[in-house]
Amino acid sequence: MFDGLKVVLVEDDPAVRAGSEQALQLAGLDVLSFHSGELAYKLLQPDFPGIVVSDVRLPGMSGLDLLSAVKALDAQLPVILVTGHGDITMAVWAMRNGAYDFVEKPYSSEQLVDVVQRALETRRLMLEVHSLRRQIEHSEGIEAMLIGNSAAIKELRRLILQVADQPADVLIYGDTGTGKDLVARCLHQHSGRRKHHFVALNCGAIPESIFESEVFGYEPGAFTGAVKRQIGKIEHADRGTLFLDEIESLPLALQVKLLRVLQERYVERLGSNSAVPVDVRIIAAAKLDLKQLADQHKFRHDLYYRLNLIVLNLPPLRDRRDDIPLLFEHFVLAAGARYNRAAPMVAGAQMQALMAHAWPGNVRELRNIADRFVLGLAGDDGIFSAKSAAAAPLSEQVNDFERALIEQELRCQGGNVAQVGLVLGLPKQTLYHKMQKYSLVAEDFR
């Protein structure tokens, strides 16, 4: 748990130093012992991978002097002070001035190990946050837009860069909240069209009665209230990119007119007989399978085949859990800047809760939780509940992971239990037993 982290122990009494060192080593901790504060301080540096435990009363540099020096070097490096009987007032003063905690002599091995482990966990989290923030700060290009280190996201970034400058239209599939709009903007920003407009249009949000005037534009007198020429969305995107989100919601009658634009690359404004040529790249996004909709006569086959040239599939967040820490830290930093608040640290138990959550709202839901976390409201949403205030037992974490894995595969296989058993390598009876244990019903995933 604390691999690579060290405990710098400063104690001038050889017997006390040896006993404390042995207690910490028996707890599996890596200890570096010193008899003076001066020697210990020479080892320290900003982002030092560990903590300091120091007696207060030392010859030369005292524990309080060491505390001040450490805080000047790295304000977040935990320092635990060991005090003698009657030094409580001084210890309280030290904590107000940056000490992590204090231990009063005589102390038991259990007391020392407990406070040291808590300090090490705090330091581990701090160093992880520092690492994530450095990674975010040093990201550039597409890595700064499409954040993540999972294999799925790396492959998606590669595909985007590969096809960004191609003239072919693109179809993006992904669940709600997976970032289809962001991927479309990445394609635009990394193409030769980036100097021209990126026009986003939600096909499900514009009433059918005004869709044509919005998309194709109109001339004066085309209808009541049309007093001047209006350039439509497609024409506005000339030499740029037109992003059609939720294209599966586009009525069939309008699909015909869109298909004509895709094939001929010109538009006719309402009330005009003149064709206006347009050079526009179409990026469409859908959360439903357009081929299945076409087979059900709910989407035009010819429009589907016109769009189905370059296809990008966005993984749901539950399939890229490795990216959750980096994404959450990115959203926390962004929220802190937006709300003018300090970006808080995520405790280990809270990160466990984030990793175990099903994320039905995907990245959009994660960003919402990050905003609430920065505003101090995250405890109201159930993810950061009182239960997550302390780390869950290992058995509970294993159960959460196992349940999430089975639930994920049930969703992928459409509730086909036999297929889930094959993929997970579980006998059917064992799988049914686990489903019963986690209250999972196959019918809920069909």
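Computation of the quantities below employed the complete heavy-atom set of this structure, encompassing side-chain atoms and omitting hydrogens, waters and symmetry-equivalent molecules. This is a predicted model, so every value here is computed, not measured.
For Tyr432, there are no ring-ring contact (aromatic ring centres under 6.0 Å, His included) partners, not counting sequence neighbours. Not counting sequence neighbours, the partners of Phe198 by the ring-ring contact (aromatic ring centres under 6.0 Å, His included) test are His188. Applying the side chain to side chain contact (heavy atoms under 4.5 Å, CB included) test to Ala286 and every residue at least two apart in sequence or in another chain returns Tyr173, Ile247, Glu248, Leu290. Every residue two or more places apart in sequence or in another chain was checked for a salt bridge (Lys or Arg N to Asp or Glu O under 4.0 Å) with Lys298, and none qualifies. When the side chain to side chain donor-acceptor pair (under 3.5 Å) test is applied to Gln117, no partner is found at least two apart in sequence or on another chain.
For the salt bridge (charged side-chain N to carboxylate O under 4.0 Å, His left out) condition, the pairs that include at least one residue of residues 265-284, sequence neighbours left out, are Asp169-Arg265, Arg193-Asp279, Glu219-Arg269, Glu235-Arg269, Arg260-Glu268.
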From CA spacing to verdict: salt bridge (charged side-chain N to carboxylate O under 4.0 Å, His left out), Arg158, Glu155: CA-CA 5 Å; Arg158 186 190 69 79; Glu155 175 63 10; 2.7 Å; yes
Derivation and outcome, salt bridge (charged side-chain N to carboxylate O under 4.0 Å, His left out), residues Asp175 and Lys180: CA-CA 9 Å; Asp175 294 345; Lys180 298 185 287 294; over 6 Å; no
Asp323 vs Ser150, side chain to side chain donor-acceptor pair (under 3.5 Å): CA-CA, chis, key distance, verdict: CA-CA 6 Å; Asp323 292 334; Ser150 64; 2.6 Å; yes
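Just one residue in the list Val116, Val53, Val115 forms a side-chain contact (heavy atoms from CB on, under 4.5 Å) with Val103, and that residue is Val115.
Side-chain contact between Asp371 and Phe331 is absent, with no heavy-atom pair separated by less than 4.5 Å. Within the 4.5 Å cutoff, the side chain of Arg194 has no heavy atoms near those of the His190 side chain. Leu366 has its side chain within reach of Leu317: a pair of non-hydrogen atoms, C-beta onward, lies under 4.5 Å apart. Side-chain contact between Arg321 and Trp359 is present, with heavy atoms from C-beta onward closer than 4.5 Å. Contact check for Leu309 versus Leu171: no side-chain heavy atoms found under the 4.5 Å cut-off. With a 4.5 Å cut-off on side-chain heavy atoms, Met435 and Val441 do not count as touching. Side-chain contact between Leu244 and Leu258 is present, with heavy atoms from C-beta onward closer than 4.5 Å. Considering only heavy atoms from C-beta on, Leu312 comes within 4.5 Å of Leu187 through its side chain.
Taking every heavy atom of both residues into account, Ala343 and Leu333 meet most closely at CB-CD2, 4.0 Å. The two atoms that bring Ala335 and Val374 nearest to each other are CB-CG2, 3.7 Å, heavy atoms only.
Using cut-offs of 30° and 60° on the angle between ring planes, the pair His297 and His301 is perpendicular.
A salt bridge between Arg306 and Asp302 is absent, with no side-chain N of the basic residue lying under 4.0 Å from a carboxylate O of the acidic one.
With ring centers used as reference points, Phe216 lies 6.0 Å or more from Phe211.
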